[in-house]
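Everything on this sheet refers to the single structure shown next.
Excluded from the calculations below are hydrogen atoms, water molecules and symmetry mates; all remaining heavy atoms, backbone and side chain alike, are included. Quick note on labels: first sequence line is chain A, next is B, and so on, each numbered from 1.
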Number of protein chains: 2
Amino acid sequence: MSPKQQRGEATVDRLLTAALDVYAASGQSGFTVNAVLKASGVSLGSLYHHFGSFDGLAAALYTRCMEQLFDEMIAALSRARTARTGVRALVTAYLRFTEERPDAALFIHGSAYSGYLSAHSEHIRTAKAAKLAVIADWLRPRVEAGEIAPLPAPLIEVLVMGPVAETAHRWLSSTYDMDLTQAARILPDRIWRSLQPD
Amino acid sequence: MSPKQQRGEATVDRLLTAALDVYAASGQSGFTVNAVLKASGVSLGSLYHHFGSFDGLAAALYTRCMEQLFDEMIAALSRARTARTGVRALVTAYLRFTEERPDAALFIHGSAYSGYLSAHSEHIRTAKAAKLAVIADWLRPRVEAGEIAPLPAPLIEVLVMGPVAETAHRWLSSTYDMDLTQAARILPDRIWRSLQPD
DNA sequence: CAGTTTTCTAGAAAATTATTCTATTTCTTG
DNA sequence: CAAGAAATAGAATAATTTTCTAGAAAACTG
């Protein structure tokens, strides 16, 4: 892809990686410009050169983590044949990502819609819509074939993503006694039921 | 309850009300100490006396809005007899609250788990758990009677609240084309299916 | 009801955090 | 290699939150 990687690309990556580390280690309250500078070894000027603002950095990090999550879900989906298998794969992939990459999952859930949104919500929304469209495209023919109940696409999305996101969120808060293994065993079937045609 | 209301209680109320107004009018980025002071006419000293920090104010506002939402859901639930009616009432009440009190709903979704969490998450979690317990207590006998599938309580909560919260969130973002009326017509039944015993 | 204590209000000063700005270095390109 | 663009650097500035001291209002006590 990039035989000679720009100097700046490496800096961008260092910043994003360090920012995720800082967030995981110190939470929202420790998530400051200075902390990220120290953790990354990058200068203030570079940070503002590449991201324009600290919120810009956070928005980029959110986008990156969110796209990684969706890419895992889409990869799992592409291996499925029937609607039922596909929906269950989506659920399982989300929960697996949460368990395997808790830092990224925590940032997604902790900073989503949370201030960083304000200025960059449009860009974030577009990025998310693009990923959702891939999933919607996979589901559409199954809806038309009657494998899935004939519901508006946004409601299908909400029925699938809602319970999984809420589960991940509770597990990441780690005070609700949420058992991810149990959730992964039970939820795929339950969510599938909510989409099943009569 | 309070024949002679403390002077301070009125101040607390003025601050919370003004804070919600500011948030609704200016969003997360305009949500600052000074903006709330100006909107409320309360002094800086009073704010810090009553809430300890600006995050403390935000946490109190979040708790208040969240409890109002749950109280509506619980009131709707208490009018129901069967499990099916109860679950559908929960969903409908959440969506109605979102439509009728968009300011409160927006603050709940916009600031939830979003920085204000850090310091006061414990208190918030306790308050939320108390409300969830009321709902769990209503559902438990129905689960034992076989009206609802025998799932762990957290998973029932997640299956009900997940899709509704996600729907509200998208509608409040107002860029996803989410139709609340349509959602209120379709979701109660779909969510109920996910809880139905075999 | 005077004296005492606590609660509440007030806002200036300090500390923390984000952003702007100018200078310098490194890369790219003709 | 010269000129311009991109990237790095950090001091200075601006914005925002928090602390702190002082005083007014209310509650309490003998």
Should Phe97(B) and Ile108(B) be marked as a side chain to side chain contact (heavy atoms under 4.5 Å, CB included) after you check the CA-CA gap, both sets of side-chain angles, and the distance that decides it? CA-CA 12 Å; Phe97(B) 181 89; Ile108(B) 289 173; 4.3 Å; yes
Please report, rounded to the nearest Å, how far the C1' atom of dT16(C) is from the CG atom of Leu37(A). 15 Å
Nearest-angstrom distance from the residue atom CZ of Phe51(A) to P of dT8(D): 11 Å
If I take atom CZ in residue Arg14(A) and atom C1' in nucleotide dA7(D), what distance separates them, rounded to the nearest angstrom? 12 Å
Between Thr11(A) and dA7(D), is there a contact of a side-chain N or O with OP1 or OP2 at under 4.0 Å? no
Salt-bridge present (Arg170(B), Asp177(B); N to O < 4.0 Å): no
Interface polar pairs with nucleotides 18-20 of chain C, N/O, under 3.5 angstrom:
| unit_1 | atom_1 | unit_2 | atom_2 | d |
| --- | --- | --- | --- | --- |
| dA18(C) | OP2 | Val33(A) | N | 2.8 |
| dT19(C) | OP2 | Tyr48(A) | OH | 2.7 |
| dT19(C) | OP2 | Phe54(A) | N | 3.0 |
| dT19(C) | O5' | Tyr48(A) | OH | 3.3 |

Rounded to whole angstrom units, what separation is found between the NE2 atom of His49(B) and the C1' atom of dT18(D)? 16 Å
Less than 4.5 Å apart, any side-chain heavy atom of Thr32(A) and any of Leu37(A)? no
Give the minimum heavy-atom separation between Ile191(A) and Pro163(A), together with the two atoms involved. CD1-CB, 3.9 Å
Does the side chain of His50(B) get closer than 4.0 angstrom to OP1 or OP2 of dT7(C) through an N or O atom? no
Length of the CD-P vector between Gln28(A) and dT17(C), whole Å: 13 Å
Which nucleotide in the list dT8(D), dA10(C), dC8(C) gets nearest to the side chain of Ser43(B)? dA10(C)
For residues Arg101(B) and Gln68(B), is any side-chain donor paired with an opposing acceptor at under 3.5 Å? yes
Rounded interatomic separation in angstrom, taking CG from Leu47(A) and C1' from dT17(C): 13 Å
Nearest whole Å is fine: how far is dT9(C) C1' from Leu15(B) CG? 11 Å
Aromatic plane relationship, Phe31(A) with Phe54(A) - under 30° parallel, 30 to 60° tilted, over 60° perpendicular: tilted
